[in-house]
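Scroll down for the structure; my scribbles are underneath it.
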Amino acid sequence: MPSSLDFHLYGTARVVRRDGKERPHPASYNGESRSRGVGRFSATLFLLWVPCVVNVVFAFLGMQCVGSSGEKMPQQLFGLTGSAYIGAMILSIEALQYVNFPTKELGKSCKMIPVMLFGVLFAKKQYSVREYLCVALITTGIVIFNLAERSNNEQDKRNSMYGLCLLVASLIFDGVMTSSQERLKAICKPTVYEMMFYTNAWALGFLSAAAFASGQWMKGSLFCADNPLVTGYVVAFSLAAACGQFFIYYTITTFNPLACATITTTRKFFTIVFSVITFGHSISLKQWGGVAMVFVGIGFYMHGKHKRPSSEEEHDCCQEESEASMRLLEEGDRDASCIGQRLSSSPE
Ligand SMILES: Nc1ncnc2c1ncn2[C@@H]1O[C@H](COP(=O)(O)OP(=O)(O)O)[C@@H](O)[C@H]1O
């Protein structure tokens with residue numbers, strides 16, 4: 001006999017039996033039957049699809065407002081970026097089924113490493129010693145902090161090897177995405193909205209195929225139709241995500257994907273530190289060490305970015321950039337045909 005019903009929007013309607021064991025409520029979506037207001041939301045692809053649509057619309061409206069860059073957009077590279085972007089998200093969500101949340105966050109906090117590695121390998125990017133040192137300091141600091149935090153957490157679920165592989169695969173996709181963005185930036189100059197629009201449009205294409213073929217689009221739509229509260233949350237979350245994406249693309253186009261990864265990685269870290277301090281939890285000496293490393297790393301990074309380069313350094317930097325473009329051209333990148341246009345139209 002059921003003794004209680006526990007309903008969560010993103011959880012499961014569960015029946016708790018006298019013996020303490022739980023099973024899904026018979027009216028839940030797990031049990032195939034559909035009943036208004038209860039169920040488990042399991043259509044992950046639908047949950048990625050909606051924000052992707054909102055991102056495309058948001059970016060399209062932005063493109064209409066600010067106009068286009070007038071450059072030819074290398075669609076193959078956008079296709080690669082869009083598929084890697086979706087792949088990274090799906091894999092990290094999937095990984096959560098096999099590893100616990102702190103492990104996922106710990107893994108993703110190393111994102112700056114694949115971003116750098118793939119940038120060097122596939123976008124012929126050159127980083128300064130300072131940048132390597134900063135990435136090493138920030139990543140090590142966050143890992144030390146999170147590992148110490150985890151050892152304080154008694155309810156840690158075990159992590160499976162499969163889940164860890166999914167996490168690594170997600171990091172690889174992150175690296176593919178950011179190195180493609182570096183390549184895009186080396187061969188043409190899209191506006192923030194163009195970058196956001198084409199990446200999301202390609203991602204939407206892949207995602208739509210997957211969501212329709214798996215039946216998740218229909219499942220998610222029916223769930224939202226039955227649960228207006230959930231629909232409201234999905235819309236609010238998608239609008240917030242579109243605004244967030246604008247800043248992500250702004251950072252990528254104005255600075256570079258490494259700067260973006262530095263910001264997104266350290267903001268998560270600051271959220272944890274802030275919540276630990278707000279709720280009065282104690283921070284061990286080891287954790288303070290991790291915090292100090294992150295601060296030193298960020299300070300060092302910012303100092304490097306704000307230091308006005310000498311005219312010699314500035315010249316080296318421009319030369320490096322055009323050399324990187326030329327290397328991409330030489331590699332026979334078909335989409336790189338617009339580099340020529342760009343170089344010839346540059347005042348130099
Ligand atoms: N370089 C990027 N290009 C496009 N989107 C990005 C980029 N970096 C992050 N994002 C988007 O922002 C979301 C949050 O990124 P982040 O804060 O680094 O968390 P996560 O650990 O999920 O990757 C990602 O899921 C992705 O949708």
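Indexing begins at 1, ligand by ligand and atom by atom, following the structure's order. These values consider heavy atoms only, across backbone and side chains, with no hydrogens, waters or symmetry-generated copies. In this chain, residues are counted from 1 in sequence order.
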Using a plain distance cutoff, I'd like to know if [X] has any nitrogen or oxygen under 3.5 Å from a nitrogen or oxygen of ligand 1.
X	answer
Lys111	yes
Gln181	yes
Lys268	yes

Atoms in ligand 1 with a heavy atom of Ile252 nearer than 4.0 Å: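 Selected atoms, number and element: 1 (N), 2 (C), 3 (N).
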Counting from 1, what ligand 1 atoms have a heavy atom of Lys108 closer than 4.0 Å?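 Per the distance check, 21 (O), 23 (O).
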Protein contact to [atom] [nearest heavy atom, distance to 0.1 Å]:
atom	result
atom 4 (C) of ligand 1	Tyr249 OH, 3.3 Å
atom 14 (C) of ligand 1	Arg267 NH2, 4.3 Å
atom 27 (O) of ligand 1	Tyr85 CE1, 3.2 Å

Checking contacts now, so for atom 2 (C) of ligand 1, which I'm interested in, is there any protein heavy atom under 4.0 Å?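 At least one protein heavy atom is under 4.0 Å away.
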Have Asp174 and Tyr85 got a donor and an acceptor in their side chains that come within less than 3.5 Å?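 No, no side-chain donor-acceptor contact under 3.5 Å.
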Does a donor on one side chain sit under 3.5 Å from an acceptor on the other, for Ser69 and Glu194?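 Their side chains do contain a donor-acceptor pair, which is all the 3.5 Å distance test asks for.
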Between [X] and [Y], does the ring centroid distance fall short of 6.0 Å?
X	Y	answer
Trp217	Phe212	yes
Phe295	Phe270	yes
Phe118	Phe122	yes
Phe246	Tyr193	yes

Flag yes if more than 12 heavy atoms outside Tyr127 fall under 6.0 Å of its OH atom; otherwise flag no.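 Yes, OH of Tyr127 has more than 12 neighbouring heavy atoms, counting only those of other groups under 6.0 Å.
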Just going by heavy-atom distances, which of Thr264, Asn200, Ile248 is nearest to atom 13 (C) of ligand 1?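 Looking at heavy atoms only, the winner is Ile248.
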